[in-house]
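One structure is given below, encoded as structure tokens.
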Amino acid sequence: MLTLSLLRHAKSDWGDLDLDDFDRALAPRGIKAAPAMGKAIARLGLKPDLILCSSAVRTRATLALILPQLGAPPPEILYDNQLYLALPSIMLDVAIKASHTARHIMIIAHNPGTHALALELTGSGDKKAIAELASKFPTAALAVLRFNSNDWRDVRAGNGELTSFITPRGLE
């Protein structure tokens, strides 16, 4: 059984319009939401073996805020420029190539790719969670998908079970 967690970066700051998109930091709301999501991930036993993170400032900052909540030892972490505003196919390809022996991979990335990948892979799961996921994928939201396989190369569209869809607002 394999697990893929898709975490959208926390809310970013749009205060400096001259700043390149890649370099945007987190907004105060994002700084508050990320550790709360980290606590929820730990509480639900969803700590990954491997985290693949976009190299953008806001995704790295999100990771830095959730990581202390996950406890020791920390997961293996790989930063990948390909995950910055990536298409779903690229995101999945990065996971497949980096997976090695990881049974649970988390990708921290951006929309619309994160949302699109979650929708593409979901084939079953809790109907309410699927409906919420279909509606939107807000900042700092987490979709957790399980696959009845032992090889990441078997992960295909529609063969994932959405086991959780968690948003910061849902934690309040």
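Everything numeric here is computed off the predicted structure, so don't read it as measured data. For the single chain, residues carry numbers from 1 onward in sequence order.
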Is there a donor-acceptor contact under 3.5 Å linking the side chains of H9 and S54? no
The reported gap from CG in L67 to SG in C53 (rounded to nearest 0.5 angstrom) is 10.0 Å
Is any side-chain heavy atom of P112 closer than 4.5 Å to one of F137? no
Reported CG-to-CG distance for the pair L7 and L46, which is rounded to 0.5 angstrom: 11.5 Å
Derivation and outcome, salt bridge (Lys or Arg N to Asp or Glu O under 4.0 Å), residues K128 and D126: CA-CA 6 Å; K128 181 180 178 196; D126 178 77; over 6 Å; no
Pair D21 + R58, salt bridge at N-O below 4.0 Å: yes
Judged by atom type as modelled, is there a donor-acceptor pair below 3.5 Å linking the side chain of R8 to the main-chain atoms of H115? no
Passes side-chain contact (heavy atoms from CB on, under 4.5 Å), I51 versus E76? Steps please. CA-CA 6 Å; I51 297 176; E76 179 183 0; over 6 Å; no
Distance (rounded to the nearest 0.5 Å) between R103 CZ and L4 CG: 13.0 Å
Step by step, work out the side-chain contact (heavy atoms from CB on, under 4.5 Å) result for K39 and I41. CA-CA 5 Å; K39 286 179 186 175; I41 290 165; over 6 Å; no
Should R169 and P138 count as side-chain neighbours, where that means a heavy-atom distance under 4.5 Å? no
Would you say that more than 12 heavy atoms from the other residues, nucleotides or ligands in this model lie under 6.0 Å from the CD of Q69, or not? yes
Please determine whether the number of non-hydrogen atoms from other residues, nucleotides or ligands lying under 6.0 Å from atom CZ of R24 exceeds 12. yes
Mark yes or no for whether R29, through its side chain, and L26, through its backbone, hold a donor-acceptor pair below 3.5 Å. no
What are the two closest non-hydrogen atoms of A141 and T167, and how far apart are they? CB-CG2, 4.0 Å
Test your reading of the model: is there a side-chain donor-acceptor pair from D13 to the backbone of G30, 3.5 Å cut-off? no
Could you tell me whether a side-chain N or O of S164 sits under 3.5 Å from a main-chain N or O of I166, the two making a donor and an acceptor? no
I90 CD1 to Q82 CD distance, which is reported to the nearest 0.5 Å: 6.0 Å
Report the relative orientation of the aromatic rings in H110 and Y84; use parallel for angles under 30°, tilted for 30 to 60°, perpendicular for over 60°. perpendicular
Under the 3.5 angstrom rule, does the side chain of T163 hit a backbone N or O of V144 as a donor-acceptor pair? yes
Quick check for you: to the nearest 0.5 Å, what is the distance between S124 atom OG and L145 atom CG? 9.0 Å
Could you tell me which non-hydrogen atom of A98 sits nearest to which non-hydrogen atom of L78, and how far apart they are? CB-CD1, 4.0 Å
Just by modelled atom types, is the G113 backbone N or O under 3.5 Å from a matching donor or acceptor in the N111 side chain? no
Any side-chain to backbone donor/acceptor pair from T59 onto A56? Under 3.5 Å, distance only. yes
Counting distance only, does the side-chain N/O of N159 pair as donor-acceptor with the main-chain N or O of R156 below 3.5 Å? yes
When rounded to the nearest 0.5 angstrom, what is the spacing between CG in L162 and CG in L121? 10.5 Å
Restricting to non-hydrogen atoms, name the atom on L119 and the atom on L133 that form the minimum distance, rounded to 0.1 Å. CD2-CG, 3.8 Å
Does the side-chain contact (heavy atoms from CB on, under 4.5 Å) test come out yes or no for I130 and F165, once each step is laid out? CA-CA 8 Å; I130 292 171; F165 183 62; over 6 Å; no
Consider only side-chain heavy atoms of I, L, V, M, F, W and Y, link residues closer than 4.5 Å, and tell whether L19 and F22 are in one cluster. no
Heavy atoms only: give me the nearest S149-L2 pair and the separation to one decimal. O-CG, 3.2 Å
Answer with yes or no whether the side chains of R146 and T3 bring together a donor and an acceptor at under 3.5 Å. yes
On a heavy-atom basis, the closest approach of R153 and I96 is CG-CG2, 3.7 Å
Member of I108, L63, L50, L52 meeting the side-chain contact (heavy atoms from CB on, under 4.5 Å) criterion with I77: L63
Nearest heavy-atom contact between G125 and E161 is CA-CG, 4.0 Å
Does any N or O in the side chain of W152 come within less than 3.5 Å of the main-chain N or O of A102, such that one atom is a donor and the other an acceptor? yes
L142 vs M106, side-chain contact (heavy atoms from CB on, under 4.5 Å): CA-CA, chis, key distance, verdict: CA-CA 9 Å; L142 176 75; M106 175 182 283; 4.2 Å; yes
With side chains defined as the heavy atoms from C-beta onward, is the minimum distance between Y79 and R60 less than 4.5 Å? yes
N150, CG: over 12 other non-hydrogen atoms inside 6.0 angstrom: yes
Evaluate the side-chain proximity of P75 to K47: yes if any heavy-atom separation is below 4.5 Å, no if none is. yes
same_hphob_cluster(M37, L70) at 4.5 Å side-chain heavy-atom cutoff: yes
